[in-house]
Number of protein chains: 2
Amino acid sequence: MSVAKKVTINDVALVAGVSVSTVSLVLSGKGRISPATGQRVNEAVEQLGFVRNRQAASLRGGQSGVIGLIVRDLTSPFYAELTAGLTEALEAQGRMVFLLHGGREADQLLSRLDMLLTQGVDGVIIAGASGVGSELCERAAQKGVPLVFASRASYLDEADTLRPDNMQAAQMLTEHLIRRGHQKIAWLGGKSSSLTRAERVGGYCSTLIKYGLPFHSEWVVECESSQKKAAEAMGALLRSNPTISAVICYNDIIAMGAWFGLIRAGRQSGEGGVETFFDQQVALGAFADVGENALDDLPIVWATTPAREMGYTLADRIMQRIEKSDVQAGHQIVSARLVTVK
Amino acid sequence: MSVAKKVTINDVALVAGVSVSTVSLVLSGKGRISPATGQRVNEAVEQLGFVRNRQAASLRGGQSGVIGLIVRDLTSPFYAELTAGLTEALEAQGRMVFLLHGGREADQLLSRLDMLLTQGVDGVIIAGASGVGSELCERAAQKGVPLVFASRASYLDEADTLRPDNMQAAQMLTEHLIRRGHQKIAWLGGKSSSLTRAERVGGYCSTLIKYGLPFHSEWVVECESSQKKAAEAMGALLRSNPTISAVICYNDIIAMGAWFGLIRAGRQSGEGGVETFFDQQVALGAFADVGENALDDLPIVWATTPAREMGYTLADRIMQRIEKSDVQAGHQIVSARLVTVK
DNA sequence: TTGAAAGCGGTACCAA
DNA sequence: TTGGTACCGCTTTCAA
């Protein structure tokens, strides 16, 4: 099959017996065109199988209908879900996203941004940046392209930012356990360099204090995200602090590991609250990026970050910025939900 | 900060004291330009902070440097990884990816393809399509845009396709268990409607037969991807077939569930081979989408599908198709690897 | 080696 | 309500 000669508005105009400007007007729905003409044009479009070339369209001045997205790590379920949400929302509006995976370093990010600017995007979203905002903002502003950041923790001060409410999530989780009767609640997982973790630990800590419960720094255990390591750390924690009755896990992997640790220690988790089991059994709470509905065999209370909704919200936000250039940059926070596996 | 007037090649030409054509030549490295002129132009570019508008560039005839990618489900680790690999490879060449998430229905997919064609992409990749190829191929061919499919199983006959070698993966896994001394090997998980599963079960089955081992249809258990369900199914399976000494799990969730099932049945898995444990313990093998290095606490043999490599391969393939239009469409298969957690 | 000018496919302003 | 036409930013002959 040979490549068909591309059909342009000129062809359409010719077939419809009108001028190119008329075709353009019909296409964009602007200007008042008579129904009859509109009809004729549309028929010609149909007949010729014409598809409008957006590159050319945006060249003259219009929008490209394209949003650039730079993601740090698409492999992480959180960002995958966020990306899915964003593209879904944008596609529903007939827009598209350019996907780039961003480097960690500022200049890498800058070069990615330039690629997007080069392509004439209407707006840019950077997901998972960490405190390298000002140059980027400047560059984008220079081009008149709105820039929005999305991340897991609050890094940037000066920019338009969307992020999950890690503190609230941790508070919710902690409070849930407290309501269940737990008083000695420990923390397992995450690296101390993680800002997300810092915020979560903050929420955990503040809730303990709020309820007048003890907060020991030895009860906050660092641990890399490996089941094996988590299981070991769990064992060690319980051995040195046998009275701990609940543990909050930094993520799903830690949670699985913690559970294995419990099994080995013969202290399987139960959702039953401390009053029934005294402190024989240990309850588990954990953070999850997405609805971990597959992990349904563990009696764990999950605090899920609504990554998909964040994607939707991002779509709204960037479109606002694009349409009304006077929208103030600011921070926006998305709340977590509690999910109890039954 | 006010939006700086965009700088074009005209500005550059003006500053450098040359014509726009010269600037264009310098930019694209074509035509023989004197070092001195090149120097001057580059300085002007630097000074003005000029970035070339690719839209305009591709409008005139060149390539856009953009590949369209339609993914069925970015949320699945397999496709997330594949997407990451693809964008990584493409970005390294200065190209970019348009990301769309594709619907299941043929016409949805077709409209997505049109969006991409509208934007003037150089090529299109559809990941996770299932047997709706011909119209799509036609449409793309009409526009002269190469189209490549990537999926988890072999659906399409007529198109350029890349997919993992599910059979080989299953054969490898099964053979590994057989070499370990297992003779009664069961299968757990997946829905019978899944083509991927069908291929894997085929590999499992053929290997059993090849080694003269028994193949019972009751040993092939369907199960949805839930830990709880998998644990229950595992228990039931072992109760009615106590001599089974190894189980191959359809994915990581099933594997975790299966392991819980083993624990409850007191038949924890070991990698030790049947000769040591007789059939007291049950060995576990499983398929995983990515290197599940986080799942390091279970003695499970994993067959991992190299999703990332598939992304790289896809990048190569589409670029070949773009550069040499005479490349024959065909099927390409990517092998799995065995990973033993130590 | 460099410059002038004609597009690429549309849009948008101004006339008609 | 339509048509004419000057662009958008860049590439690419064709001359100079």
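Numbers restart at 1 for each chain; the letters A, B, ... are given by sequence-line order, proteins then strands.
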**Item:** Side-chain H-bond candidate by donor/acceptor type, A/T22 with A/S19, under 3.5 Å
**Value:** yes
**Request:** Please find the earliest and latest nucleotides of DNA chain C, in the 5' to 3' direction, that have an atom within less than 4.0 Å of any heavy atom of chain B.
**Result:** C/dT1 to C/dG9
**Message:** Testing the basics here: between A/L314 and A/A150, what is the closest heavy-atom pair and its distance to 0.1 Å?
**Reply:** CD1-CB, 3.6 Å
**Prompt:** Counting any heavy atom closer than 4.0 Å, what does A/V51 reach on the DNA or RNA strands: base, sugar-phosphate only, or nothing?
**Reply:** sugar-phosphate
**Close side-chain approach of A/Y79 to A/R152, heavy-atom, < 4.5 Å** = yes
**Request:** Taking the side chain as every heavy atom from C-beta outward, state whether A/R317 and A/L162 have any atom pair closer than 4.5 Å.
**Result:** no
**Fill in**
Sorted by chain and residue number, the side-chain hydrogen bond (donor to acceptor under 3.5 Å, both in side chains) partners of A/E88 (sequence neighbours excluded) come out as A/R308, A/Y312
**Prompt:** Does any non-hydrogen side-chain atom of B/R52 lie less than 4.5 Å from one of B/S28?
**Reply:** yes
**Prompt:** When you check the phosphate oxygens OP1 and OP2 of D/dG3, does a side-chain N or O of A/S19 lie under 4.0 Å from one of them?
**Reply:** yes
**Prompt:** For A/E43, what residues pass the side-chain hydrogen bond (donor to acceptor under 3.5 Å, both in side chains) criterion, not counting sequence neighbours?
**Reply:** A/Q39
**Asked** Under 4.5 Å between any side-chain heavy atoms of B/L74 and B/H101, yes or no?
**Response** no
**Prompt:** Between the two end axes of the helix from C/dT1-D/dA16 to C/dA16-D/dT1, each built from 5 base pairs, what angle do you get to the nearest 10°?
**Reply:** 40°
**Request:** List for me each residue that meets side-chain hydrogen bond (donor to acceptor under 3.5 Å, both in side chains) alongside B/D122, sequence neighbours excluded, and say none if there are none.
**Result:** B/S64
**Message:** Does the protein touch nucleotides 11-16 of chain D at the base, only the backbone, or not at all? Give it as B, S and - per nucleotide, heavy atoms under 4.0 Å.
**Reply:** BB----
**Asked** Of all heavy-atom pairs between B/A84 and A/T75, which one has the smallest distance, and what is that distance?
**Response** CB-OG1, 4.2 Å
